[in-house]
Amino acid sequence: MNERNLVICDREIRYATGLGENISSRDDLAVKVYVCSSLDKVVELSESKPIHLFVVEEGYTYDERSQIDAEQVFVLGRDRDADLGEEECPIWKYQCADEIIREIFEVY
């Protein structure tokens, strides 16, 4: 499988960085991880690279999230009842990183 771009966007930058480092450290995943603290930075990044996997906090509205052209969108929520679009997948934010990774790659 070719390397895919995975973008994590969360205003809790320590959380996003930690999750990104965990994903990057895994040799079994063919992904290049980018961490952004705002959607503006994700938009900038998307102008130069395709976004295959987009992991974004639920604090951004569906309208804001849908501006990002990504193959698959995962919304990190504080509960599993977040307001999502049909094409978005919910992920509980405060579970272990291995579980988040498993959920992302089961879908993708």
Side-chain angles (χ1 to χ4, degrees):
M1 174 164 127
N2 295 336
E3 186 172 81
R4 301 292 187 189
N5 295 321
L6 183 148
V7 177
I8 301 169
C9 180
D10 196 310
R11 288 174 273 219
E12 288 183 54
I13 196 64
R14 288 181 62 200
Y15 172 89
T17 301
L19 179 59
E21 288 173 353
N22 191 304
I23 294 170
S24 293
S25 71
R26 299 195 45 163
D27 294 331
D28 58 329
L29 303 176
V31 294
K32 174 73 174 156
V33 177
Y34 299 89
V35 175
C36 299
S37 60
S38 72
L39 282 182
D40 291 338
K41 295 191 185 292
V42 177
V43 169
E44 285 179 32
L45 181 66
S46 70
E47 293 171 357
S48 62
K49 301 177 181 336
I51 298 176
H52 301 100
L53 301 162
F54 181 42
V55 180
V56 60
E57 69 167 289
E58 71 178 346
Y60 293 104
T61 66
Y62 174 74
D63 288 340
E64 291 172 318
R65 296 188 306 260
S66 65
Q67 293 175 21
I68 306 301
D69 183 25
E71 286 182 23
Q72 185 66 57
V73 178
F74 299 90
V75 179
L76 293 169
R78 296 186 193 302
D79 59 52
R80 296 191 186 265
D81 297 325
D83 183 27
L84 304 177
E86 287 184 28
E87 71 284 358
E88 295 179 322
C89 297
I91 295 182
W92 185 51
K93 184 173 184 173
Y94 297 109
Q95 60 185 324
C96 71
D98 286 343
E99 194 62 25
I100 291 172
I101 293 166
R102 184 190 63 74
E103 288 185 31
I104 289 171
F105 286 94
E106 271 184 3
V107 171
Y108 193 74

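Because the structure is a prediction, the values reported are computed rather than measured.
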Just how far is it from atom [atom1] of [X] to atom [atom2] of [Y], taken to the nearest 0.5 Å?
X	Y	atom1	atom2	value
I8	Y34	CD1	OH	12.5 Å
Y94	I100	OH	CD1	10.0 Å
L6	K32	CG	NZ	11.5 Å
I51	C36	CD1	SG	7.5 Å
R4	L29	CZ	CG	13.5 Å
R65	L84	CZ	CG	6.0 Å

Are side-chain heavy atoms of [X] and [Y] found at a separation under 4.5 Å?
X	Y	value
D98	R26	yes
Q67	L39	no
F74	E103	no
L53	F105	yes
I91	L76	yes
V73	E87	no

**OP:** Count the heavy atoms of every other residue, nucleotide or ligand shown that sit under 6.0 Å from CG of D69, and state whether that count exceeds 12.
**Re:** no
Subject >> Atom CG of D28: over 12 foreign heavy atoms under 6.0 Å >> reply: yes
State, to 0.1 Å, how close [X] and [Y] come at their nearest heavy-atom pair, and which atoms those are.
X	Y	answer
K41	S37	CE-OG, 4.0 Å
C9	F54	CB-CE1, 3.8 Å
Y60	S38	OH-CA, 3.4 Å
L19	A97	CD1-CB, 4.1 Å

Donor-acceptor pair, side chain of [X] and main chain of [Y], under 3.5 angstrom:
X	Y	value
E99	C96	no
S24	E21	no
S25	N22	yes
R11	G59	yes

Original post:
With the threshold set at 4.0 Å, does a side-chain nitrogen-carboxylate oxygen contact exist between E57 and K93?
Top reply: no
**OP:** Decide whether V7 and Y62 are clustered together by the hydrophobic rule: side chain heavy atoms of Ile, Leu, Val, Met, Phe, Trp, Tyr closer than 4.5 Å, transitively.
**Re:** no
Subject >> Intermediate values then yes/no, side chain to side chain contact (heavy atoms under 4.5 Å, CB included), V35 and D10 >> reply: CA-CA 8 Å; V35 175; D10 196 310; over 6 Å; no
